[in-house]
Structures are given as structure tokens and as C-alpha cells.
Amino acid sequence: MRWSADGLMEPTNLLEAATLHRSALVTCQCGHFARFETHCLWWHFHQRRWDDRGQALRERFWCRVCASKYRRKIRPVRIAFVNWRKGDFELPWPDERAWKQATRRLR
């Protein structure tokens, strides 16, 4: 984790964002966006052994609207971690044992 100028913790990967109860806001250059619940998103990446940091995280997303329009995958211009809100996309949740092991390693 890193610290902001205001002295607040800022997550640098999905696991850190999940422990801070943040959501991932993925924004395309066309203006479309989606919000993902990070506990579920972390589990999805962890099961596939994908890197969940910075640029590597960005390479796993693409805009469905632009893909249907341009017939190729358009990567997002920005991924930000924002406060969780009801209605964020949720994938299957991790089992409790896997989640507790991951948070233990984070400490």
C-alpha cells in the first residue's frame, strides 16, 4: 500500500483494495465504465494466477461496447479504486478459508 498526500492508505492491487472495502472503477476512452466488487475480482484473478497490479490489471479488461463497434478489444484508460456502492458487479465470492489465508499474508 502507499499513502496519499492526505495521509490515507491507497491500494496498489486488488487484495489491498478488497481489504479496504473498495470497488474497481474501470473507465474506457469512449466514456463507458463499470464498477466491480474487489473481493470477487481478486478471487477471479487469484484462481487464474493473474497479476492484479497496475498495468497488468489493465490488460485483463476491455470495453464490450467498443469491441462490438470496432471489432477489436479496446483497453481501459483508467482503473481507479473507489468506495463500494450497491449495484457493483459481483463474481463468485472466495471461500472463507482462502480469503482468511490471503489477508493473513497481507499483514
Residues in side-chain hydrogen bond (donor to acceptor under 3.5 Å, both in side chains) contact with [X], at least two apart in sequence or another chain:
X    : value
R48  : H44
K69  : none
Q101 : none
D52  : none

Which residues share a ring pair (Phe, Tyr, Trp, His ring centres under 6.0 Å) with W99, sequence neighbours left out: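 Checked W99 against ring pair (Phe, Tyr, Trp, His ring centres under 6.0 Å); matches are H39, W42.
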Sequence-distant partners of F45, ring pair (Phe, Tyr, Trp, His ring centres under 6.0 Å), two or more places apart: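 With sequence neighbours excluded, F45 shows a ring pair (Phe, Tyr, Trp, His ring centres under 6.0 Å) to W50, given in chain and number order.
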Using residues 23-35 as the side-chain source, report each donor-acceptor pair under 3.5 Å to any protein atom, sequence neighbours left out, with the distance given to one decimal.
| unit_1 | atom_1 | unit_2 | atom_2 | d |
| --- | --- | --- | --- | --- |
| S23 | OG | D88 | OD2 | 2.4 |
| R35 | NE | D88 | OD1 | 2.9 |
| R35 | NH2 | N83 | O | 2.4 |

Check against side-chain contact (heavy atoms from CB on, under 4.5 Å), E37 and W84: CA-CA 7 Å; E37 205 288 324; W84 178 85; 3.7 Å; yes
Looking at [atom1] of [X] and [atom2] of [Y], how far apart are the two atoms once the value is rounded to the nearest 0.5 Å?
X   : Y   : atom1 : atom2 : result
H46 : L15 : NE2   : CG    : 9.5 Å
E16 : R53 : CD    : CZ    : 10.0 Å
T38 : E90 : OG1   : CD    : 10.0 Å

Derivation and outcome, side-chain contact (heavy atoms from CB on, under 4.5 Å), residues L91 and W43: CA-CA 9 Å; L91 300 168; W43 183 238; over 6 Å; no
Hydrophobic cluster (4.5 angstrom, side-chain heavy atoms) - remaining members for [X]:
X   : answer
V77 : none
W62 : none
I74 : Y70

Under the side-chain contact (heavy atoms from CB on, under 4.5 Å) test, residues paired with Q55 that sit two or more places apart: R58, E59
Residues that A56 engages under side-chain contact (heavy atoms from CB on, under 4.5 Å), provided they are two or more places apart: D51
Backbone of A67 reached by a side-chain donor or acceptor of R72 within 3.5 Å: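 No, because the side chain of R72 does not come within donor-acceptor range (under 3.5 Å) of the backbone of A67.
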Worked verdict on L57 versus N13 for side-chain contact (heavy atoms from CB on, under 4.5 Å): CA-CA 8 Å; L57 178 63; N13 62 34; over 6 Å; no
Cluster overlap F89 with I79, hydrophobic side-chain contacts below 4.5 Å: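 The answer is yes; both residues are in one hydrophobic cluster.
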